[in-house]
Amino acid sequence: MSNRVRFAPSPTGEVHIGNIRTAIFNWLYARHTGGQFLLRIEDTDRERSTPAAIASLLEVMAWLELDFDGEPLYQSSRLAAHTAAADQLLADGHAYRHAKGEGGEATLFRIPWDSDAIPEVCEAGDVRLELHAKTPVAIDFTGVSYALLTKKGKASPQAGALGGFHGLQLLDADGTVLYELDPDIKAVLGGESRQFEGVAAMTFRRRELVYTDLVKGELRKPLDSLKDQVIVRSDGAPVFHLANVCDDIEQGITEILRGDDHVENTYRHILLFRALGAAPPAYGHFPMIVNDQGKPFSKRDGDAYVGDFRTKGYLPEALRNYLPLLGWSPGDDREQMTSDELVAAFTLERVNSAAAQMDVNKLKNLNGLYIAAIALDDFIELIQPFVASQPWAAAADSTTLRTVAELMQSRCKLFTDAADWSYFFTDDLDFDEKAARKALQKDGVAAALQQLSDALAEKEPFDEAGIEAAIHATTEKLGLGQGKLNAAIRVAVTGTNVGAGLYETMAVLGRERTCRRLQFAGDNLCAGSSAQG
RNA sequence: GUCCCCAUCGUCUAGAGGCCUAGGACGCCGGGUUCUCAUCCCGGUAACACCGGUUCAAAUCCGGUUGGGGAUGCCA
């Protein structure tokens with residue numbers, strides 16, 4: 001049977017990069033192994049799941065070209081199956097109804113007492129725990145609760161499922177056995193409860209659940225540290241754990257690849273698979289992506305939504321290339337990789353286990369590399385939406401825009417950099433104060449700009465070569481070195497000291513604009529010009 | 001508190017006992033090309049968390065400490 005993996009997001013808001021990286025990893029794995037990549041939308045949280053969130057999820061996946069196989073499965077459509085599974089569990093004695101806390105009776109999944117037949121469960125030796133004798137030990141069908149003795153002699157309350165305490169003995173300070181669980185287990189499971197005071201220690205045979213994580217290797221968890229889990233709320237709504245496992249069985253998932261925050265769930269889920277009569281799939285857990293503080297992303301880190309990267313002018317190719325590099329590497333020095341190369345190189349063995357910090361700088365650099373590689377026509381096409389949002393959009397005729405795009409593409413790291421193209425289309429220059437001061441506030445600059453403007457006014461043709469010649473002629477006449485005036489000209493005509501080639505830029509601007517700006521700068525912005533008094 | 005996981009330059013990572021005076025990339029600094037900026041090219045900066053142990057030999061194995069994260073929900 002071929003591999004079947006799934007991406008199972010909850011559509012409760014914007015799509016987060018951590019989530020979409022999980023999707024990318026799953027997609028990469030499926031495509032690498034020739035398996036299926038399924039999409040399951042876990043929309044059972046009626047309060048928070050919205051059609052808008054589902055639409056945006058689908059949109060983001062399409063944008064990143066994460067094509068899934070078959071139709072998406074909407075978890076909400078499976079309510080009846082989930083409820084039936086809970087009923088089955090109840091009937092089989094794997095679950096019980098219990099009013100825990102307020103809210104009425106919920107259905108809890110029991111960490112099984114008879115776990116000998118479960119391949120993932122093994123005995124892990126005898127355990128002796130020193131207890132806080134003043135806290136009573138309580139035992140009933142929901143589990144064992146007790147209090148450990150801290151170093152300071154205080155009580156540290158604990159509770160664990162019954163199934164973790166085979167061979168349990170309660171001892172008093174003298175070592176006398178107060179109680180043995182095994183002979184009493186039927187009665188306890190049947191609903192009787194026991195309580196003991198003055199228990200100094202407890203001993204039992206520890207059982208552990210062991211599985212081999214595809215990423216992290218062998219992982220184990222003592223059953224006595226697990227608690228019975230609510231699987232159906234008192235209002236009748238099945239919880240995530242049940243729905244998730246049921247649907248994984250339904251979809252025939254063979255590998256569950258998800259974020260590190262799910263490792264603890266895995267132990268219970270494996271038990272649920274077994275109780276439902278299914279063999280659990282293999283599991284692999286990816287390291288988390290954290291923010292630049294090294295902390296988990298929270299709602300405050302608004303930048304971490306995929307949609308935001310899109311509106312900021314990132315290319316899907318760049319994101320799809322960068323994200324898998326967080327927590328995974330091909331093992332050689334490659335970083336910029338095509339989708340095909342990523343698919344070919346991707347293996348779970350090469351996924352790391354330490355959390356990875358998002359480095360926007362590096363992403364931006366990669367984005368710049370991708371932008372530089374785009375054909376001019378495509379670049380113009382892609383930049384349209386970003387140009388459209390500029391105040392000068394109306395002035396940007398397609399011919400000029402094309403020329404500008406050609407000049408600026410290699411200087412573009414993000415599509416939003418198009419905001420800097422303003423001076424090509426409007427005379428309302430945004431002068432960089434520092435650059436202006438440095439380039440224009442010098443003696444003689446005003447006169448030089450005026451002379452250049454005069455020279456340019458008659459230059460024919462007004463093209464790159466002609467402009468260069470005019471500038472050279474002017475500097476020569478003034479006894480300036482070649483290029484000495486360029487910085488001043490640049491600031492005068494563009495407002496800034498960075499940008500494409502000066503002559504090319506002036507040619508695009510055209511004679512009229514260029515001269516007007518030179519004169520304006522000469523009259524108003526230079527040392528000794530009228531505006532300066 | 002308890003359980004589980006994690007730990008190499010500022011960041012992403014390579015490294016699965018000798019190839020490591022720890023490699024690459026981003027960033028940063030310097031230089032070259034160029035009319036500026038960007039690109040491109042050269043060079044530099046900077047890390048094995050700490051303490052023990054195993055070994056002829058440890059970033060790599062083991063133990064402990066510290067630090068970080070997760071779980072301990074009728075959230076997903």
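Computed from a predicted structure; not experimentally measured. To find a chain, count down the sequence lines: A is the first, B the second, and so on, and within it residues start at 1.
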Closest to the A/K216 side chain, choosing from B/G24, B/C35, B/C6: B/C6

Near-strand residues of residues 485-497 of chain A, defined as heavy-atom separation under 4.0 angstrom from RNA chain B: A/N486, A/R490, A/N497

Interatomic distance, A/F346 atom CZ to A/F25 atom CZ [nearest 0.5 angstrom]: 5.0 Å

Candidate nucleotides B/A7, B/U2, B/C5, ranked by approach to the side chain of A/A354 - the nearest: B/A7

C1' atoms of B/C28 and B/G70, separation to the nearest Å: 34 Å

Interatomic distance, A/L407 CG vs B/U34 C1' [rounded to whole Å]: 15 Å

C1' spacing across the pair B/U21 / B/U39, given as an integer number of angstrom: 35 Å

A/D333, nearest nucleotide to its side chain (from B/C35, B/C37, B/G23): B/G23

Ring centroid separation A/F297 to A/H16 under 6.0 Å: yes

Rounded interatomic separation in angstrom, taking CG from A/D432 and P from B/U36: 17 Å

Sugar-phosphate only, base, or nothing, as touched by A/Q357 at under 4.0 Å among non-hydrogen atoms: sugar-phosphate

Whole-angstrom distance between B/U33 and B/C37, as gauged at atom P: 12 Å

Selection from B/G27, B/U2, B/A76 that lies nearest to any side-chain heavy atom of A/L148: B/U2

N or O in side chain of A/K295 less than 4.0 angstrom from B/G69 OP1/OP2: yes

For atom CG of A/L366 and atom P of B/U13, their distance in whole Å: 14 Å

Counter-base of B/G1, judged by Watson-Crick or G-U geometry with both distances under 3.5 Å: B/U72

Whole-Å P distance, B/G10 and B/G52: 24 Å

Distance, C1' atom - from B/U13 to B/C48, rounded to whole angstrom: 13 Å

For B/A47, the Watson-Crick or wobble counterpart (both distances under 3.5 Å): none

Positive for ring pair (Phe, Tyr, Trp, His ring centres under 6.0 Å) with A/H262, one of A/F240, A/F286, A/Y283: A/F240

Nearest-nucleotide pick for A/K413, side chain only, options being B/U39, B/A25, B/C4: B/U39

Between CG on residue A/D224 and CE on residue A/M202, distance to nearest 0.5 Å: 7.5 Å

For A/Q409, the option from A/D417, A/I383, A/L376 that meets side chain to side chain contact (heavy atoms under 4.5 Å, CB included): A/L376

Flag, side chain of A/D213 to backbone of A/G217, donor-acceptor distance under 3.5 Å: no

Mutual orientation of the aromatic rings belonging to A/F109 and A/H94 [parallel < 30°, tilted 30-60°, perpendicular > 60°]: tilted

Atom pair CZ/CD of A/R78 and A/E250 - distance to nearest 0.5 Å: 4.0 Å

Whole-Å distance separating the CD1 atom of A/I231 from the P atom of B/C75: 14 Å

Residue pair A/L271 / A/Y267, side-chain heavy-atom distance below 4.5 Å: no

Atom P, compared across B/C74 and B/G15: separation rounded to whole Å: 42 Å

Length of the line joining A/R411:CZ and B/U39:C1', which is rounded to integer Å: 8 Å

Identified side chain to side chain contact (heavy atoms under 4.5 Å, CB included) counterpart of A/M61 within the set A/V15, A/V306, A/I20: A/I20

Among B/U2, B/G27, B/C3, the one nearest A/N365 by side-chain distance: B/G27

A/W421 and A/F379 aromatic ring geometry - parallel, tilted or perpendicular at 30°/60° bounds: tilted

Residue-phosphate contact under 4.0 Å: A/K227 side-chain N/O, B/G73 OP1/OP2: yes

Nearest-neighbour nucleotide for the A/D359 side chain, B/G1, B/U11, B/U13 considered: B/U11

A/S329 side-chain N/O to B/A14 phosphate OP1/OP2 under 4.0 Å: yes

Rounded distance (Å) that lies between atom C1' of B/C12 and atom CZ of A/R334: 17 Å

Candidates B/C37, B/C3, B/G24 - which lies nearest the side chain of A/P222: B/C3

Below 4.0 Å: OP1/OP2 of B/A16 and any side-chain N or O of A/R350: no

Face-to-face contact A/F240 to B/C75 six-ring, under 5.5 Å, under 30°: no

Is_stacked (A/H262, B/G70) at 5.5 Å, 30 deg: no

Contact under 4.0 Å: A/N352 side-chain N or O vs B/A14 OP1/OP2: yes

Distance between C1' atoms of B/A59 and B/U8 (Å, rounded): 7 Å

Separation of atom CG in A/L219 from atom P in B/A71, rounded to whole Å: 15 Å

RNA chain B: 5'-proximal contact among A/R206 and A/R233 (nearest heavy atom): A/R206

Whichever of A/P296 and A/S353 has its nearest RNA chain B nucleotide further upstream toward 5': A/S353

For B/A7, the Watson-Crick or wobble counterpart (both distances under 3.5 Å): B/U66

Minimum-distance nucleotide (side-chain atoms of A/V239 versus B/U11, B/G24, B/A76): B/A76

Whole-Å distance separating the CE atom of A/M358 from the C1' atom of B/C26: 13 Å

Nucleotide nearest A/L502 (side chain, heavy atoms from C-beta), chosen from B/C35, B/G27, B/C12: B/C35

Rounded distance in Å between the P positions of B/C41 and B/C61: 37 Å

